[in-house]
Amino acid sequence: MSQIKAVRGTRDLLPPETELWNHIEATARRVFARYAFGEIRTPIFEDTQLFARGVGEETDIVSKEMYTWEDRARAQSEKAQMLTLRPENTAGVVRAYIEYKLGDAGLLQKLYYIGPQFRRERPQKGRYRQFFQIGAEVIGPPSAGSESPLRDAEVLEMLATLLEELGITGWTLEMNSVGSAMDRPRYVQALREALVDVAPTLCIDCQRRAVTNPLRVLDCKVREDQEKIDALPKIADFLDEGSRAHFAQVCAALDACGVLYTINPRLVRGLDYYTRTTFEFTHSGLGAQNALLGGGRYDGLSEAIGGPKAPGIGFAMGADRLVLTLQALPSQAANDPGLADAYIAPLGEAQQAESLVLARELRRAGLRVELGDGSFRLKKSFEMGNKLARAIVLFGEDEARSGIVTVKNFQTGEQTKVPRNELSSVLRRD
RNA sequence: GCGGCUAUAGUUCAGUGGCAGAACGCCGGUCUGUGGCACCGGAUGUCGUGGGUUCGACCCCCACUAGCCGCCCCA
């Protein structure tokens, strides 16, 4: 019989790596809490229409990367429903915002999420079909200040802080403004016109992109094309006064708190809902998938899926990529499984039962304890203890009778006799 | 979805159309209440899966699967 394996693009996370995942998630929760964000957990699958209307029918994500299936109708009279595993989480959050009328309180909603997302792409380093995102959204009625450039700057400053607390250095923040829903079509039109003459001189990929998705030409990495692409119309010149001023204020607030960024007029993103501020944090250690996180403002998303006017800004970080980045950092000790505080070695099977009692006492005192086996020879107990713990506690006939156990510290080699009731304080890490 | 590279022991990797290898790790012993060191010994295995060529395939050919790199796109 053939072996059943994890399906393509999915994987199991095992210790000690899960230690690092927990560390990342705990750090994110801690930082988000300081910025007064609350957690939201949305379903893993949604009505397909949510993504079609929210993310955009023409995007790659929706047009070819979604896991979609037809759910059975419950009754003859009922139509079957198309469902989709969420390819991203912003649409789900906005759907919940609308569904529970979160805007009616008149306040800004600040929500974060941590969870799996699904896209059917070819797996690669840092890219999986089930991947994990940590993201947050600030959304609310305009009267609550949801359109304010200060919100954009606050989110970006929070991200810089989060990366710093995670110990991730060497990232780059690139920003751009893609303008309002009105600005962008005008720009795309101008770009298309300019490309009629320029495109034939560009690389093969650009010639195709010029027709299918002109904005993508700006992403081209072919060296020879760069000068010509730089000479194309820039979106900055197509922004209306409002968008221009908005972006200037975002930059000013970032300058004030010392968050470094570069403005990349060629930064375009693949989801239709973005307006005005867009950004990407990249890291060179990631290879082709160099985006650590990305996000932006989505002032029209709520209305696009049938909700009230509810401008917002948010981001999603690729947790898988944070892990990769941290693992590549030289200082990272998080892959060390860590040693237990003590290894209890029952000497002889007669000591088995009482050794579990001893382990229970120490564990209740908060110590991390490994319990050996009384059938082991002493030599084996020492070898095992040395691999698993900082100290070994010998628990034989004498110790059980006298209540005084033998403790040997593997680091110092020092061996002492310790009364059982003092054991936990002796073993405690200093 | 497209192109390239790869798949051999728990791990990292050698290897040859004719007996399946090394290092580390693992197990046992020297050593029956004292580990790390040393020495001696041992087992590593569907050579990714399925077909084909051949007297004979881990090796050559085809398909599939998975991973990596790039494209596309994105987190």
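Chain letters run A, B, ... following the sequence lines, proteins first, then strands; residues in each count from 1.
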Against the side chain of A/Arg120, the closest entry in B/U34, B/G1, B/C31 is B/G1
C1'-based separation of B/G4 from B/A43 [nearest Å]
39 Å
Using Watson-Crick pairs (N1 to N3, plus N6-O4 or O6-N4) and G-U wobble pairs, both distances under 3.5 Å, which stems of at least 3 pairs involve RNA chain B?
B:1-7 with B:65-71, B:10-13 with B:21-24, B:26-30 with B:38-42, B:48-52 with B:60-64
Determine the Euclidean distance between corresponding C1' atoms of B/G17 and B/C24; express it in Å to zero decimal places.
31 Å
Checking B/G28, B/G29, B/C26 against the side chain of A/Arg377 (C-beta onward), the nearest is B/G29
Of all the choices, B/G70, B/A75, B/G33, which nucleotide is nearest to the side chain of A/Ala291 once you look at every atom?
B/A75
As a test of reading the structure: which of B/C31, B/G1, B/G67 is closest to the side chain of A/Lys379, going by heavy atoms?
B/C31
Quickly work out the A/Asp60 CG to B/A75 P distance and round it to whole Å.
12 Å
Using the ring of each side chain (for Trp, its six-membered ring), is A/Phe118 parallel, tilted or perpendicular to A/Tyr67, with breaks at 30° and 60°?
perpendicular
Going by heavy atoms closer than 4.0 Å, what residues in residues 402-421 of chain A are next to RNA chain B?
A/Thr406, A/Lys408, A/Phe410, A/Gly413, A/Gln415
Provide the distance between the two P atoms, one in B/G15 and one in B/A7, to the nearest whole Å.
10 Å
For atom C1', what is the distance between B/G28 and B/C58, given to the nearest Å?
31 Å
Separation of atom CD1 in A/Ile61 from atom P in B/C73, rounded to whole Å:
12 Å
Between B/C61 and B/A75 - P atom distance, rounded Å:
41 Å
Measure distances between side-chain N and O atoms of A/Arg127 and base N and O atoms of B/C73, and say whether any donor-acceptor pair falls under 3.5 Å.
yes
Side-chain heavy-atom pair A/Phe32, A/Met158 within 4.5 angstrom cut-off:
yes
In whole angstrom, what separates A/Tyr112's OH from B/A75's C1'?
19 Å
